[in-house]
Amino acid sequence: MRNVVLIGFMGTGKTSVGKMLATRLGFSFVDLDQYIEEKEGRSIPSIFREQGEAAFRAMEHEAVLENAERRNTVIATGGGTVKDASNMDALHRSGAIVCLKADVDTILARTAREGERPVLDKEDQGDRRQAVENLLEARKDLYTVADFSVNTAEMSPLQVVDTIVQQLKRRGALHG
Ligand code: S3P
């Protein structure tokens with residue numbers, strides 16, 4: 001195995017778990033959203049505001065291709081990276097795909113702040129729970145492409161990392 005790719009809905013813990021998982025494995029860590037922000041010199045909400053979602057998705061696709069060839073890296077994707085099948089083709093070739101999951105209440109608590117997640121803000125017509133439910137429903141099949149899933153709602157990030165490492169070992173994807 002070369003890389004571990006974390007997919008999952010917004011607020012499932014991809015970035016925080018990803019950093020800790022990378023440290024545990026002695027891997028490097030890349031967060032695709034941060035990578036895009038650094039490359040563009042502006043925030044994700046600014047990109048959406050100035051150029052719209054389609055332009056962001058094109059940047060996201062470039063970011064996937066530019067990072068999929070790395071080695072020994074934990075790659076945290078954005079919640080919508082899974083929408084593009086060619087992103088997932090490249091990421092499947094890149095390593096093991098792990099989906100992080102959480103219930104609606106946990107996602108709501110972790111994504112409550114407006115102005116940070118333009119896709120959720122746009123879907124939010126005054127009822128944020130409904131917005132999360134709509135997007136989860138629309139995307140639920142897309143997250144089934146993972147090799148395995150871990151629910152992050154009931155565990156500490158450290159426990160999530162332990163679970164991922166165990167699962168990777170069980171699958172023969174890690175040694176030691
Ligand atoms: C998005 C999720 C965000 C970010 C962008 C779009 C989405 O990433 O890529 O705002 O469509 O779900 P996080 O999952 O890290 O919040």
Side-chain angles (χ1 to χ4, degrees), residues 3-22 28-68 73-88 90-91 94-95 97-125 127-146 149-153 155 157 160-161 164:
N3 301 322
V4 179
V5 179
L6 299 181
I7 64 170
F9 198 77
M10 293 169 263
T12 53
K14 300 179 294 292
T15 303
S16 42
V17 167
K19 279 182 193 158
M20 291 172 67
L21 179 64
S28 21
F29 174 69
V30 173
D31 178 275
L32 293 184
D33 285 336
Q34 276 168 17
Y35 179 86
I36 294 166
E37 287 184 330
E38 275 162 31
K39 197 172 159 190
E40 286 291 313
R42 55 195 166 138
S43 68
I44 304 284
S46 302
I47 296 170
F48 271 75
R49 229 178 7 253
E50 289 160 15
Q51 286 181 267
E53 177 166 358
F56 170 74
R57 296 298 173 200
M59 292 171 197
E60 186 175 45
H61 181 63
E62 282 301 305
V64 167
L65 297 184
E66 285 164 13
N67 286 288
T73 301
V74 174
I75 302 174
T77 62
T81 308
V82 290
K83 290 186 1 171
D84 181 336
S86 65
N87 285 347
M88 295 319 294
L91 291 170
S94 177
I97 313 264
V98 181
C99 183
L100 301 187
K101 298 205 160 178
D103 57 88
V104 174
D105 284 324
T106 304
I107 290 171
L108 265 175
R110 292 178 182 165
T111 59
R113 213 159 13 163
E114 285 182 35
E116 292 180 357
R117 290 183 164 89
V119 171
L120 188 53
D121 289 350
K122 190 175 173 202
E123 187 70 25
D124 183 351
Q125 304 294 324
D127 185 345
R128 205 157 182 87
R129 173 177 294 274
Q130 192 63 54
V132 169
E133 283 172 355
N134 291 349
L135 284 169
L136 272 174
E137 176 61 27
R139 291 178 173 180
K140 66 177 189 310
D141 292 343
L142 298 173
Y143 297 118
T144 61
V145 299
S149 301
V150 180
N151 190 333
T152 67
M155 286 190 275
V160 175
V161 168
I164 294 173

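Both ligands and their constituent atoms are indexed starting at 1 by order of listing. Residue indices begin at 1 and follow the sequence shown.
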Practice prompt. With heavy atoms only and a cut-off of under 4.0 Å, state how Lys14 meets ligand 1: side chain, backbone, both or neither.
Written response: side chain

Item to complete: List every atom of ligand 1 that sits less than 4.0 Å from any heavy atom of Arg139, numbering the atoms from 1 in the order shown and giving each element.
Response: 7 (C), 11 (O), 12 (O)

Discussion item. Distance under 4.0 Å to a non-hydrogen atom of Ile44: what atoms of ligand 1 satisfy this?
Written reply: 5 (C), 10 (O)

Fill in: Min side-chain heavy-atom separation Asn87-Val82 under 4.5 Å
no

Fill in: Ligand-side contact atoms (ligand 1) for residue partner Pro118, heavy atom cut-off under 4.0 Å
10 (O)

Worksheet item: Nearest to atom 15 (O) of ligand 1, what protein heavy atom do you find, and at what distance?
Response: Asp33 OD2, 3.2 Å

Worksheet item: For Glu116 and ligand 1, does the shortest N/O to N/O distance drop below 3.5 Å?
Response: no

Worksheet, complete the sentence: Closest non-hydrogen contact found for Val64 with Ala90 is CG1-CB, 4.1 Å

Worksheet item: Within less than 4.0 angstrom of ligand 1, does Arg57 place any heavy atom?
Response: yes

Fill in: Non-hydrogen atoms of Val74 and Gly18 that approach each other most closely
CG1-O, 3.7 Å

Item to complete: Could you check atom 2 (C) of ligand 1 against the protein and tell me its nearest heavy-atom contact, residue, atom and distance included?
Response: Gly79 N, 3.4 Å

Worksheet item: How about Tyr35 and Glu66: do any of their side-chain heavy atoms sit closer than 4.5 Å?
Response: yes

Discussion item. Give me the nearest non-hydrogen protein atom to atom 16 (O) of ligand 1 as residue plus atom name, then the distance to 0.1 Å.
Written reply: Arg117 NE, 2.9 Å

Worksheet entry | With sequence neighbours excluded, residues passing side chain to side chain donor-acceptor pair (under 3.5 Å) with Thr152 | Arg110

Worksheet item: Within the structure, does Gly80 bring an N/O atom to less than 3.5 angstrom of an N/O atom in ligand 1?
Response: yes

Item to complete: Decide yes or no for Asp33 and Thr15: does some side-chain heavy atom of the first lie under 4.5 Å from some side-chain heavy atom of the second?
Response: no

Worksheet item: Given Arg128 and Asp121, is the salt bridge (Lys or Arg N to Asp or Glu O under 4.0 Å) satisfied, shown in steps?
Response: CA-CA 8 Å; Arg128 205 157 182 87; Asp121 289 350; 3.0 Å; yes

